[in-house]
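Quick note on labels: first sequence line is chain A, next is B, and so on, each numbered from 1.
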Amino acid sequence: MLLSEIVSILDAEPLNEEMDLGIDIQSAFASDLMSDVLALARPGVLMITGLTNIQIMRTASMIDIPAVVFVRGKKPPRETIELAGKLGIPFIITYKTMFETCGMLFQAGVKPILCAKR
Amino acid sequence: MSSLNSRDSFVIEREVKPLDFLSAGETASDFKETLKSLGIPADICRKTSIVAYEAEMNAVIHGGGGIIAMELEGDRITIVAKDQGPGIENVSLAMQEGYSTAPDFVREMGFGAGMGLPNIKKYSDELDIETKPGEGTTLRIVIFLKDEGGVE
């Protein structure tokens, strides 16, 4: 599914029109814990989070996450927006909660990632 | 930089400032970019940047800053993270997922959830922790250049 379709499903706003919304997204991971993202996410996975600080973009770039969804209408601060631009990571903002965001994307066919038993 | 290849050896060293959350992660990003520019496989670049990032965050949060170095030599990448912080009182506890001594303001940023050292172990091939209460901590982390099918 294209990121542009996710924008429309979530009634979301890309912050600027230069962002590449043509990225193909197959799976997603939702978390406000960045170390859990680093532990479990995989390259190519969409990150859904309610945090907006600069380390969200750092985390995304370390694990090759192609795009970020900020939930609950959170607008990221300037430094986060600047780093996202520098790293080339598009992000979108939705006013839906994390639960509803995940539910809608799951229903639309976006897959979860596996969390192995240990 | 682009004239180097993976057989060349080099060391990059960066200073990490305490509690500087705006710059935290720049070192790990630099390391990743350097490895990518040398044509190192993407999964090795990713593992190295994740362990360097977690080590960097530990130095920023707990270590009062420190020095992070990346060495590429022969068949391996070695990350050495050295701080002069309070040291780790109980290493086996610190290695448990979820065990954390981080303050609340760090948790509010999405870190300090007790996954730092476990993540470093998960993504590395060798991890050595040298620590003494009151004298700081040194992590020595090795990632082999040949992917042996561990964590993707």
With A:Ile56 as reference, evaluate A:Ile54, A:Asn53, A:Thr59 under the side chain to side chain contact (heavy atoms under 4.5 Å, CB included) test and give the passing residue. A:Asn53
Check each atom of [X] against the heavy atoms of chain B and say whether the ones under 4.5 Å are side chain, backbone, both or neither.
| X | value |
| --- | --- |
| A:Leu51 | side chain |
| A:Asp64 | both |
| A:Ile63 | both |
| A:Gln55 | both |
| A:Thr80 | neither |

A:Met19 and A:Phe91: which non-hydrogen atoms are nearest, and at how many Å? SD-O, 3.1 Å
Could you look at B:Glu26 and say if it's the side chain, the backbone, both or neither that has a heavy atom under 4.5 Å from chain A? both
Contact check, side chains of A:Lys75 and A:Phe70, non-hydrogen atoms, under 4.5 Å: no
Can you find a heavy atom in the side chain of A:Pro90 that is under 4.5 Å from one in the side chain of A:Pro14? no
Give a yes or no answer on whether the side chain of B:Arg107 reaches the backbone of B:Ala102 with a donor-acceptor pair at less than 3.5 Å. yes
